[in-house]
Amino acid sequence: MALRLYDTMTREKRDFVPRDPKRVTIYVCGPTVYNFAHVGNFRPVVVFDVLFRLLRHAYGEDAVLYAANVTDVDDKINAKAAEEGVPIEVVADRYLAAYNEDAAKLGALAPTFQPRATRTMDAIIAMIAALVRNNAAYAAEGHVLFNTAAYSEYGKLSGRPLEEMIAGARVDVAPYKQNPADFVLWKPSKPGEPVWESPWGPGRPGWHIECSAMIEQTLGLPIDIHGGGIDLVFPHHENERAQGVCATHEPTYAAYWLHNGFLNFGDEKMSKSLGNVALAHDLLGRYPGEAIRWALLVGHYRAPLEWNAELIDQAKRSLDRLYGALRRATDVTPETERPSPAFLAALEDDLGTPAAMAELFALASTLETGSAAEKARAKGQLRGSAALMGFLAADPEEWFQGGIDEALKARIRGLVTARDAARKAKDWPEADRLRAELAALNVEVMDGPTGAIWRIKEQA
Ligand SMILES: [Zn+2]
């Protein structure tokens with residue numbers, strides 16, 4: 001295993017060396033479950049699932065422990081529960097179930113642990129108590145705050161100078177803070193909000209302490225790899241690290257910090273608050289989960305990814321190409337079920353999924369044009385490589401079942417092109433006639449900024 005990973009802390013690719021190859025640990029920040037999740041929230045799910053699979057391949061399935069948490073108490077959940085007049089667990093359970101269902105459809109293996117904040121309260125309170133004992137936290141007016149002055153490396157992960165962080169925090173400085181950058185570990189609940197007893201009065205934890213406590217409880221500190229979206233570097237991961245180090249006196253919190261880039265919708269940053277919502281739950285009703293998984297992995301995980309329907313259609317076509325090659329090669333007996341060396345080398349280079357996918361296409365080509373021996377090797381390597389990445393698990397025949405054959409596809413493309421031309425020429429009767437002809441073939445046409453896209457309607 002020659003795995004190299006880009007570490008946000010050192011800002012370079014480093015050889016991955018686990019503390020204990022028999023117990024490799026990875027933690028990824030999970031969702032706040034108050035609604036169906038935005039597709040952008042599933043990029044880390046899919047990216048770190050590939051890393052989880054790669055680590056299992058290298059160190060053995062039982063040697064890798066993967067924890068992904070669930071935030072099940074938070075202002076948005078509280079608001080939703082109050083709106084519906086139900087306890088917060090009802091809201092959290094409902095959207096956690098939907099989230100896990102969507103993640104499974106996207107081919108993500110279940111994490112080893114999926115801790116929930118409300119069920120980690122003892123560990124959270126114990127960690128806050130340790131921070132107070134170690135003079136890294138102080139109680140004030142029903143709150144407990146982390147004392148950023150107690151940790152000389154505060155700001156090292158995000159690379160922010162302390163003055164900048166203080167300036168950022170100064171906008172809204174609570175009077176009980178000793179330093180503007182100090183952050184909340186425990187706070188009083190407002191009337192009507194869920195509340196837990198603690199040595200500092202009734203209340204609830206801040207968000208950052210949840211993750212540190214859940215890591216300590218499920219995996220034990222320090223861990224090998226900590227992952228999440230790039231927006232979590234500051235303040236969330238900076239604060240997690242400060243808490244973990246100061247509570248345990250263990251200088252390493254996570255040996256490697258990995259962060260994935262955003263999905264972009266047009267020019268706007270992916271965000272639930274922007275209103276350009278693309279819910280994975282809705283997309284999964286329109287496209288195979290495997291195609292959405294492919295689309296999420298088509299770019300390198302650290303780079304932003306332009307997200308649109310065309311990308312998913314392209315992903316579907318890529319999978320059609322690979323499944324098609326396997327379908328035409330049913331008479332070839334695979335020589336191996338191992339991934340190809342080139343495929344492994346691509347993933348081992350900081351999860352180079354674009355190069356790994358290119359290798360899948362190269363193997364599919366060899367499967368179609370190689371000698372008998374080359375075909376036997378290519379078929380096995382194609383299946384083995386794709387499986388490692390979570391692809392081509394379906395029977396090729398089934399993939400195309402309920403779909404359409406190449407001749408029909410060609411006919412549909414012709415009709416769509418003709419309809420586009422009619423619309424450009426403002427020949428509306430002809431455009432409508434072609435749309436009706438497509439509808440008769442059970443094809444739905446959607447006009448987008450980059451031209452028309454189409455899909456076969458799901459059969460009832
Ligand atoms: Zn977290």
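Computed over heavy atoms, backbone and side chain alike; hydrogens, waters and symmetry mates excluded.
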Of all heavy-atom pairs between [X] and [Y], which one has the smallest distance, and what is that distance?
X: Gly299; Y: Arg43; value: O-NH2, 4.1 Å
X: Ala136; Y: Cys246; value: CB-CB, 3.7 Å
X: His208; Y: Pro235; value: CE1-CG, 4.1 Å
X: Glu210; Y: Asn69; value: OE1-ND2, 4.1 Å
X: Pro202; Y: Val195; value: CB-CG2, 3.5 Å
X: Pro111; Y: Ala68; value: CG-CB, 3.9 Å

Scan for side chain to side chain donor-acceptor pair (under 3.5 Å) pairs involving residues 136-149, sequence neighbours excluded, and state none if there are none.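 Side chain to side chain donor-acceptor pair (under 3.5 Å) check on residues 136-149 returns Tyr138-Asp182, His143-Tyr176, Asn147-Asn179, Thr148-Asp182.
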Partners of [X] by side-chain contact (heavy atoms from CB on, under 4.5 Å), sequence neighbours excluded?
X: Asp350; answer: Leu5, Tyr6, Lys13, His300, Tyr301, Arg302
X: Asn135; answer: none
X: Arg56; answer: Phe52, Glu61, Val64, Leu109
X: Ala342; answer: Ser340, Glu359

Answer yes or no: is there an ion pair linking [X] with [Y], defined by an N-O contact shorter than 4.0 Å?
X: Lys80; Y: Asp75; result: no
X: Arg204; Y: Glu193; result: yes
X: Lys316; Y: Asp320; result: yes

Check this for me: Asp62, atom CG, are more than 12 non-hydrogen atoms of other residues, nucleotides or ligands nearer than 6.0 Å?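 Counting neighbours around CG of Asp62, 12 or fewer heavy atoms of other residues, nucleotides or ligands fall under 6.0 Å, so no.
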Side-chain ([X]) to main-chain ([Y]) donor-acceptor, under 3.5 angstrom:
X: Ser198; Y: Gly201; value: yes
X: Thr336; Y: Arg338; value: yes
X: Ser189; Y: Pro194; value: yes
X: Asp349; Y: Gly352; value: no
X: Thr25; Y: Asp224; value: yes

A cation-pi test, strictly: NZ or CZ of Arg321 under 6.0 Å from the centre of the six-membered ring of Phe361 and no more than 45 degrees from its axis. Yes or no?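 Verdict for Phe361: no cation-pi partner in Arg321.
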4.5 Å side-chain heavy-atom contact, [X] and [Y]:
X: Val233; Y: Glu238; result: no
X: Val46; Y: Ile292; result: no
X: Asn260; Y: Ile230; result: no
X: Pro354; Y: Val298; result: no
X: Phe265; Y: His38; result: yes
X: Val39; Y: Leu263; result: yes
X: Phe146; Y: Leu131; result: yes
X: Leu65; Y: Ile223; result: no

side-chain hydrogen bond (donor to acceptor under 3.5 Å, both in side chains) against [X], all qualifying residues, sequence neighbours excluded:
X: Tyr66; answer: none
X: Asn78; answer: none
X: Thr10; answer: Asp7
X: Glu84; answer: Arg94

Using the ring of each side chain (for Trp, its six-membered ring), is Phe36 parallel, tilted or perpendicular to His281, with breaks at 30° and 60°?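 Phe36 and His281: parallel rings.
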As an exercise, state the distance from [atom1] of [X] to [atom2] of [Y], rounded to the nearest 0.5 Å.
X: Arg327; Y: Asp395; atom1: CZ; atom2: CG; answer: 10.0 Å
X: Met357; Y: Leu347; atom1: CE; atom2: CG; answer: 9.5 Å
X: Leu3; Y: Tyr59; atom1: CG; atom2: OH; answer: 6.5 Å
X: Leu54; Y: Phe48; atom1: CG; atom2: CZ; answer: 13.0 Å
X: Leu322; Y: Ser385; atom1: CG; atom2: OG; answer: 11.0 Å
X: Gln314; Y: Ile312; atom1: CD; atom2: CD1; answer: 11.0 Å

Step by step, work out the side chain to side chain contact (heavy atoms under 4.5 Å, CB included) result for Val245 and Glu250. CA-CA 5 Å; Val245 171; Glu250 160 62 52; over 6 Å; no
Kindly indicate, with the supporting measurements, whether the criterion side chain to side chain contact (heavy atoms under 4.5 Å, CB included) is fulfilled by Leu145 and Phe183. CA-CA 5 Å; Leu145 292 127; Phe183 55 89; 5.9 Å; no
Hey, can you pull the donor-acceptor pairs under 3.5 Å for the side chains in residues 213-220, sequence neighbours left out?
| unit_1 | atom_1 | unit_2 | atom_2 | d |
| --- | --- | --- | --- | --- |
| Glu216 | OE1 | Leu221 | N | 3.0 |
| Thr218 | OG1 | Met214 | O | 2.7 |

Report the C-alpha distance between Tyr154 and Arg160 in whole Å, list the side-chain angles of each, state the deciding distance to 0.1 Å, and finish with yes or no for side chain to side chain contact (heavy atoms under 4.5 Å, CB included). CA-CA 9 Å; Tyr154 191 71; Arg160 293 190 181 204; over 6 Å; no
Sequence neighbours left out, cut at 3.5 Å: what donor-acceptor pairs do the side chains of residues 117-129 make with other protein atoms?
| unit_1 | atom_1 | unit_2 | atom_2 | d |
| --- | --- | --- | --- | --- |
| Thr118 | OG1 | Asp72 | OD1 | 3.4 |
| Thr118 | OG1 | Asp72 | OD2 | 2.7 |
| Thr120 | OG1 | Arg116 | O | 2.7 |

Checking Trp257 against Arg241 for the side chain to side chain contact (heavy atoms under 4.5 Å, CB included) test, could you report, in this order, the C-alpha distance in whole Å, the side-chain angles of both residues, the deciding distance, and whether it holds? CA-CA 11 Å; Trp257 288 90; Arg241 178 169 179 257; 4.0 Å; yes
Please, which pairs that meet ring-ring contact (aromatic ring centres under 6.0 Å, His included) have at least one residue in residues 8-32, sequence neighbours excluded?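 Sorted result for residues 8-32: Phe16-Tyr256, Tyr27-His226.
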Using the ring pair (Phe, Tyr, Trp, His ring centres under 6.0 Å) rule, take Phe42 and Tyr99 through it: C-alpha gap first, then chi angles, then the decisive distance, then the call. CA-CA 9 Å; Phe42 283 100; Tyr99 175 85; 5.1 Å; yes
Classify the side-chain pair Glu153/Tyr253 by whether it contains a donor and acceptor separated by less than 3.5 Å.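 No donor-acceptor contact under 3.5 Å links the two side chains.
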